[in-house]
Structure formats: structure tokens, C-alpha cells
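Data block below; observations after.
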Protein chains: 2
Amino acid sequence: MITYKEAEIRSEVIKAMAHPVRLMVIEVLKDGNKSFSELMEYFDVDKSTLSKHISVLKVAGIVSSHKDGLESIFGVQVPCVTEFFSCVTAVIKDKIKQQQCCIRPAE
Amino acid sequence: MITYKEAEIRSEVIKAMAHPVRLMVIEVLKDGNKSFSELMEYFDVDKSTLSKHISVLKVAGIVSSHKDGLESIFGVQVPCVTEFFSCVTAVIKDKIKQQQCCIRPAE
DNA sequence: TTACTTATTGGCAAATTAGCCAACAAAGAA
DNA sequence: TTCTTTGTTGGCTAATTTGCCAATAAGTAA
């Protein structure tokens with residue numbers, strides 16, 4: 001079994017992914033590094049909001065960044081997050097399946 | 001790319017895992033179904049607190065349950081959550097590695 | 001029925017997270 | 001230097017999450 005302390009550390013990483021904007025940032029970065037302004041195009045949020053979301057991902061160790069002149073370039077730090085979501089998808093698919101068996105057919 | 005709506009759905013599942021108690025519940029249930037009182041032994045929280053955490057996992061579709069007499073029995077609904085954490089572990093290991101390169105050796 | 005055991009739900013206060021605007025910092029251009 | 005562009009940080013409110021206690025089911029036993 002894992003200790004509570006270990007669970008806390010893991011949950012910090014998972015918590016960092018537990019937001020739609022941050023999930024999409026990871027999805028976008030999977031296909032290659034992007035600048036901040038490129039990432040901005042995907043979202044309808046204030047730049048400060050996106051910047052803080054990216055910061056959360058950086059602190060968690062999921063995303064890395066470097067400066068290139070005026071621009072900030074971001075990338076996925078740990079490649080396996082790419083595969084991370086297959087299980088999430090499986091959970092969602094299963095949930096839909098479970099729900100279907102309970103949907104009452106139209107009379 | 002995934003849509004924002006899709007990201008919201010995924011983040012609901014991930015959010016359900018983003019708590020140390022809920023992570024440990026999943027870890028414990030990986031090794032087989034457990035009753036509520038068996039799960040209680042692992043945590044120093046009120047029974048209402050644990051019950052609500054389990055409820056979050058059920059709503060997310062990660063955990064299933066059934067009644068057996070007076071007892072509630074819980075199990076992992078989607079087996080792949082077992083493998084789910086290998087990437088989280090990778091992120092943590094990488095983060096530790098990154099930090100080590102920055103630790104100043106004792107003088 | 002009454003009593004007991006097991007778990008869930010309601011309600012509330014404390015803690016955390018999210019998102020906006022404004023101010024600031026850093027780097028290049030004029 | 002001053003202006004501009006790019007992104008981060010501070011500060012604040014709103015929304016969400018957490019966890020406790022108390023009250024309530026839902027079974028079982030006497």
C-alpha cells in the first residue's frame with residue numbers, strides 16, 4: 001500500500017491536470033512546443049488566467065518552459081502524459097455504457 | 001484536438017482522483033473489493049467524510065458499489081486505473097531529478 | 001415493536017481554487 | 001532613452017471543495 005504522504009504527492013500532480021484548460025494545454029503541447037500566444041488562440045480567457053494555469057502545470061513538473069527573446073516557449077516535460085488519458089477515456093466510455101442500460105426507451 | 005466540452009468531461013474524471021484519500025481508496029480497491037468499514041481502517045477521517053469521498057468516485061464512474069445486508073461493498077469499476085498512476089509516478093520522479101540538479105552541495 | 005449497527009445525507013464553516021483587472025517586469029525596436 | 005510587445009504577478013471577489021457534527025435512512029436482532 002502507499003502511504004498517505006505518498007498519496008498527497010501523487011494527488012498534487014493529478015490535481016494539476018484536473019482542469020479543462022490545463023488538460024487542453026497538455027493536449028496541444030503533445031503535438032509539439034508552443035509559444036504563449038499560440039496557446040492563447042485555443043482559449044477564451046484572460047492572458048493572466050492562462051499564464052496561471054500554465055504555472056500550475058510547471059510547478060507540478062508536467063510542463064517545462066524557456067524564453068526565446070520576447071516569447072515564452074512551453075513543452076510537455078514528461079512524455080508519458082500522452083498516454084495518460086487513455087484510461088480516463090475508458091472511464092468515460094464505461095460510464096456512458098452504464099448509463100445507457102438505464103435509459104428508458106421512448107414509448 | 002479535443003474540444004473544450006470534451007476537456008470538461010475528462011477533467012471531471014481526473015478531478016475525482018485528485019485527492020489523497022480518494023487515491024488511496026482506489027489503491028486499496030485495486031487489490032479487491034472492500035466493505036466500508038474495511039476502508040475506514042485506512043483513514044483517520046469521519047465516516048461521513050469517507051462516504052462522501054467514495055461518492056465522488058462513484059459519480060465519476062471509477063468505483064462501483066452494492067449492498068450486502070447491512071454492509072456496502074466497493075470495487076474498482078474500470079480496471080485500467082490500476083495502471084493509471086505509472087505516469088504520475090514518472091512525473092514525480094522526473095521532478096525530483098530536476099530538483100536534484102539545483103540542490104547546492106553542502107560546503 | 002424497540003434497540004442496535006452500518007452507511008448516507010444535510011448543513012455549515014474553513015480552506016482552496018478560479019478568473020478578472022491592473023500593475024509590473026523583461027526584452028527588443030525606434 | 002522612450003515606446004512597444006510579451007508574459008507574469010498582485011490583489012480581490014466569486015465559486016468550489018473539504019470535513020466535521022448531527023440527523024436520517026436501511027437493515028438486523030431481540
Side-chain angles (χ1 to χ4, degrees), chain A residues 4-5 7-29 33-77, chain B residues 4-5 7-29 33-77:
Chain A
Y4 193 80
K5 187 67 195 169
E8 282 182 316
I9 295 168
R10 289 192 192 183
S11 74
E12 284 305 308
V13 176
I14 296 175
K15 217 182 296 181
M17 293 192 267
H19 188 285
V21 167
R22 298 199 291 265
L23 277 185
M24 282 186 75
V25 167
I26 294 171
E27 281 286 336
V28 172
L29 294 182
N33 294 359
K34 295 276 183 298
S35 70
F36 183 84
S37 52
E38 284 175 314
L39 286 173
M40 271 301 288
E41 292 170 18
Y42 291 89
F43 306 100
D44 186 28
V45 296
D46 193 84
K47 60 184 176 175
S48 69
T49 300
L50 179 57
S51 180
K52 283 176 183 177
H53 279 307
I54 294 172
S55 172
V56 170
L57 291 170
K58 284 170 63 180
V59 170
I62 298 167
V63 158
S64 63
S65 72
H66 67 272
K67 274 273 186 181
D68 179 15
L70 258 184
E71 291 190 320
S72 290
I73 308 295
F74 301 97
V76 174
Q77 170 85 4
Chain B
Y4 192 81
K5 188 67 194 168
E8 282 183 318
I9 295 168
R10 289 192 193 184
S11 74
E12 285 305 310
V13 176
I14 296 175
K15 216 182 298 180
M17 292 191 266
H19 188 285
V21 167
R22 298 198 292 264
L23 277 185
M24 282 186 74
V25 167
I26 295 171
E27 283 285 336
V28 172
L29 295 181
N33 293 359
K34 295 275 183 299
S35 70
F36 183 82
S37 52
E38 284 175 316
L39 286 174
M40 270 303 286
E41 292 170 18
Y42 291 91
F43 306 101
D44 184 29
V45 297
D46 193 86
K47 60 186 174 172
S48 69
T49 300
L50 179 57
S51 180
K52 282 177 184 175
H53 279 306
I54 294 172
S55 171
V56 170
L57 290 170
K58 284 170 63 181
V59 170
I62 297 168
V63 159
S64 64
S65 72
H66 67 271
K67 274 273 187 183
D68 179 15
L70 259 184
E71 292 190 320
S72 289
I73 308 293
F74 301 98
V76 174
Q77 170 85 2

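The sequence lines fix the lettering, A, B, ..., with proteins before strands; numbering per chain opens at 1. Computation of the quantities below employed the complete heavy-atom set of this structure, encompassing side-chain atoms and omitting hydrogens, waters and symmetry-equivalent molecules. This structure is a prediction, so every number in the text was calculated from the model and none was measured.
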Distance check needed: [N] [atom2] versus [X] [atom1], whole Å only.
X: His19(A); N: dT16(C); atom1: NE2; atom2: P; answer: 18 Å
X: Ile54(A); N: dT17(C); atom1: CD1; atom2: P; answer: 18 Å
X: Asp46(A); N: dG7(D); atom1: CG; atom2: P; answer: 13 Å
X: Leu39(A); N: dG7(D); atom1: CG; atom2: P; answer: 9 Å
X: Leu70(A); N: dT4(D); atom1: CG; atom2: C1'; answer: 9 Å
X: Ile73(A); N: dT6(D); atom1: CD1; atom2: P; answer: 12 Å
X: Asp68(B); N: dA7(C); atom1: CG; atom2: C1'; answer: 14 Å
X: Glu71(B); N: dT5(C); atom1: CD; atom2: P; answer: 14 Å

- Item | OP1 or OP2 of dG19(C) under 4.0 Å from side-chain N/O of Thr49(A) |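 No.
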
- Query: Quick one: is dT17(D) close enough that its OP1 or OP2 comes under 4.0 Å of any side-chain N or O from His53(B)?
  - Reply: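 The answer is no; no side-chain N or O of His53(B) sits under 4.0 Å from OP1 or OP2.
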
- Lys58(B)/Ser65(B) under side chain to side chain contact (heavy atoms under 4.5 Å, CB included): CA gap, chis, key distance, verdict: CA-CA 8 Å; Lys58(B) 284 170 63 181; Ser65(B) 72; 3.0 Å; yes

Options [options], nucleotide nearest the side-chain atoms of [X]:
X: Lys52(A); options: dA18(C), dC20(C), dA7(C); answer: dC20(C)
X: Phe36(B); options: dT8(C), dT8(D), dC20(D); answer: dT8(C)
X: Ser48(B); options: dT6(D), dG10(C), dC20(C); answer: dG10(C)

- Task: Could you pick out which residue, Gly69(A) or Arg22(A), lies toward the 5' side of DNA chain C when each is mapped onto its nearest nucleotide?
- Result: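 Closer to the 5' end of DNA chain C: Arg22(A).
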
- Closest-nucleotide 5' rank along DNA chain C - winner of Met40(B) and Lys47(A):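 By nearest-heavy-atom nucleotide position, the 5'-most residue is Met40(B).
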
Assign [X] to base, sugar-phosphate, or nothing according to its heavy-atom contacts below 4.0 angstrom with the strands shown.
X: Ser72(B); result: sugar-phosphate
X: Phe43(A); result: nothing
X: Lys15(B); result: sugar-phosphate

- Task: For Arg22(B) and Met17(B), indicate whether the former's side chain and the latter's backbone hold a donor-acceptor pair under 3.5 Å.
- Result: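 Such a contact is absent between Arg22(B) side chain and Met17(B) backbone.
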
- Message: Quick check against the 3.5 Å criterion: does Glu38(A) have a side-chain atom that pairs as donor or acceptor with the backbone of Ser35(A)?
- Response: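 Side chain of Glu38(A) to backbone of Ser35(A): a pair is present.
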
- Test item: Tyr42(A) and Leu50(A) side chains (from C-beta on) under 4.5 Å apart, heavy atoms: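 Not in contact.
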
- Does the side chain of Ile54(B) reach to within under 4.5 Å of the side chain of Phe74(B), using non-hydrogen atoms?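 Counting from C-beta outward, Ile54(B) and Phe74(B) do come under 4.5 Å.
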
- Task: Measure distances between side-chain N and O atoms of Lys58(A) and base N and O atoms of dG7(D), and say whether any donor-acceptor pair falls under 3.5 Å.
- Result: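 Answer no: no donor N or O sits under 3.5 Å from an acceptor.
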
